[in-house]
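Each remark here refers to the structure printed beneath this line.
Just so you know, ligand 1 is whichever comes first in the structure, and atom 1 is the first atom listed for that ligand.
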Amino acid sequence: MEIITAVKGFKDILPQEAGKWRYIEETARKIFTEFGFREIRIPILEKTELFKRGIGETTDIVEKEMYTFLDRGGEYLTLRPEATASVIRAYLEHSLYAADPVARLFTIGPMFRRERPQKGRYRQFHQINAELLGLDDPRIDAEIIIMLIHFLKSVGLSDLSLEINSLGCTECRPPFKESLIGFLQGKEEGLCGDCRRRLITNPLRVFDCKVEQCGEIIAQAPRLLDFICSTCRDHFEVVRESLKTFGLSFDLNTRMVRGLDYYTKTAFEVTAGSLGAQNAIAGGGRYDRLVKDLGGPDIAGIGFAIGLERLISMLPVKDEDFVVVPHLFIAALGGQAQERAFALCNRLRMMGVQTEMDYTGKSLKSQMKRADKLKSRYTLIMGDRELTEGRAELRDMVRGTQETLGLDTLEEVIIDTFRIISKLVDR
Ligand code: AMP
């Protein structure tokens with residue numbers, strides 16, 4: 001019978017890879033906490049309406065990529081394609097703003113978009129999201145970017161490039177939209193079907209288009225940055241100055257609009273080395289209208305999402321760096337020895353010594369082979385003969401040395417040895 005495979009675009013994270021994931025997640029938790037952020041855990045499934053209202057009806061995500069289904073209760077539900085809308089839903093639903101409108105929140109988990117699977121693009125992928133609500137000071141924009149870059153550097157990424165842009169606000173976007181429509185009219189022939197439709201539904205989204213011939217036309221299009229109002233201009237100026245003051249270099253990318261409709265003012269993306277511009281590791285921006293659009297008070301917000309698959313593909317560490325090996329392998333020979341080893345093995349585990357043993361009753365040679373294969377740091381050799389002589393042999397598998405231990409003190413000696421070596425073998 002054929003085996004059943006995973007759904008296309010959905011990927012397993014195997015035990016040998018999980019170490020990297022834990023490392024990234026633990027580092028994020030540590031650093032984000034240092035910057036005053038607190039973890040929030042939100043459901044994977046939400047009412048479809050949340051994303052339609054949040055991300056925008058005419059974005060690619062909502063139009064083409066959501067996993068939406070009609071629940072048995074007659075309600076449309078969607079596997080979340082991003083986390084910001086959910087975080088804000090929780091912030092509003094639990095009135096987190098009532099005690100203090102300022103909230104620094106982060107969350108880590110899977111997102112779902114039915115994109116065409118390709119390198120660096122999956123249908124289930126994982127993000128770390130940070131959202132900062134209740135502050136509209138431009139230095140906050142710089143602060144969250146500083147935290148993002150600090151985190152990426154802390155996990156070992158180098159060769160990072162930061163691009164920023166301002167997307168303006170509801171005041172300055174309409175005149176730009178007019179100008180963009182004016183520019184694109186008459187050029188419909190050269191545009192792809194999607195862009196022709198975007199021209200009517202949501203012209204700004206033409207900047208998301210990945211079709212080459214559209215790209216050539218769009219490269220000549222007016223720049224949003226030239227249309228932003230004085231408030232947005234001043235805001236952006238302080239963001240840039242703050243980043244410069246902090247010594248963080250960046251490039252201005254006037255074509256960057258990001259794929260979600262809710263962004264206002266500052267938007268940013270981080271790319272790393274060989275991944276290239278199509279494959280940003282992280283992206284984010286300010287969304288000063290989103291809380292209100294989702295039915296809440298007029299509260300500003302800014303956030304970012306880091307794509308974990310892409311980040312992990314760029315990490316300078318190897319899977320082997322995270323392999324967990326046993327501290328001790330017990331090679332027990334003979335029925336009595338096995339019985340004793342069974343109890344010892346489980347007791348040692350309870351004391352924090354990672355212990356393995358073999359129940360097959362194979363020869364010492366083959367059990368030693370197994371200990372080697374598992375890369376166990378120590379092996380305890382216990383045969384029925386040793387037992388009658390009241391001893392066992394502790395072999396240091398790295399140094400190749402062997403020590404005779406008395407059975408009475410065996411457990412304590414092993415635990416003590418483990419304490420001494422744990423710094424060596426613990427990760
Ligand atoms: P976005 O939520 O679209 O702003 O994306 C933020 C980050 O999530 C991107 O920079 C990517 O690193 C990651 N990302 C978005 N879509 C995918 C995907 N389909 N597969 C893998 N990573 C993704």
Quiz item: Tell me the side chain to side chain donor-acceptor pair (under 3.5 Å) pairs involving residues 247-259, sequence neighbours left out?
Solution: Glu163-Asn253, Arg258-Glu269
Quiz item: Any side chain to side chain donor-acceptor pair (under 3.5 Å) pairs touching residues 9-27, not counting sequence neighbours?
Solution: Lys20-Asp319
Quiz item: Name the residues with a heavy atom less than 4.0 Å from ligand 1?
Solution: Arg113, Glu115, Gly120, Arg121, Tyr122, Phe125, Gln127, Arg258, Leu260, Ala280, Ile281, Ala282, Ala305, Gly307, Arg310
Exercise. Scan Leu160, Ile306, Leu162 and name whichever one has a side-chain contact (heavy atoms from CB on, under 4.5 Å) with Leu148.
Key: Ile306
Self-check item: Donor + acceptor pair across side chains of Tyr262, Thr84 (<3.5 Å)
Solution: yes
Exercise. Just grab all the side chain to side chain donor-acceptor pair (under 3.5 Å) pairs involving residues 292-302, residues at least two apart or on different chains.
Key: Arg289-Asp293
Quiz item: Charged N to carboxylate O below 4.0 Å: is that the case for Arg197 and Glu63?
Solution: yes
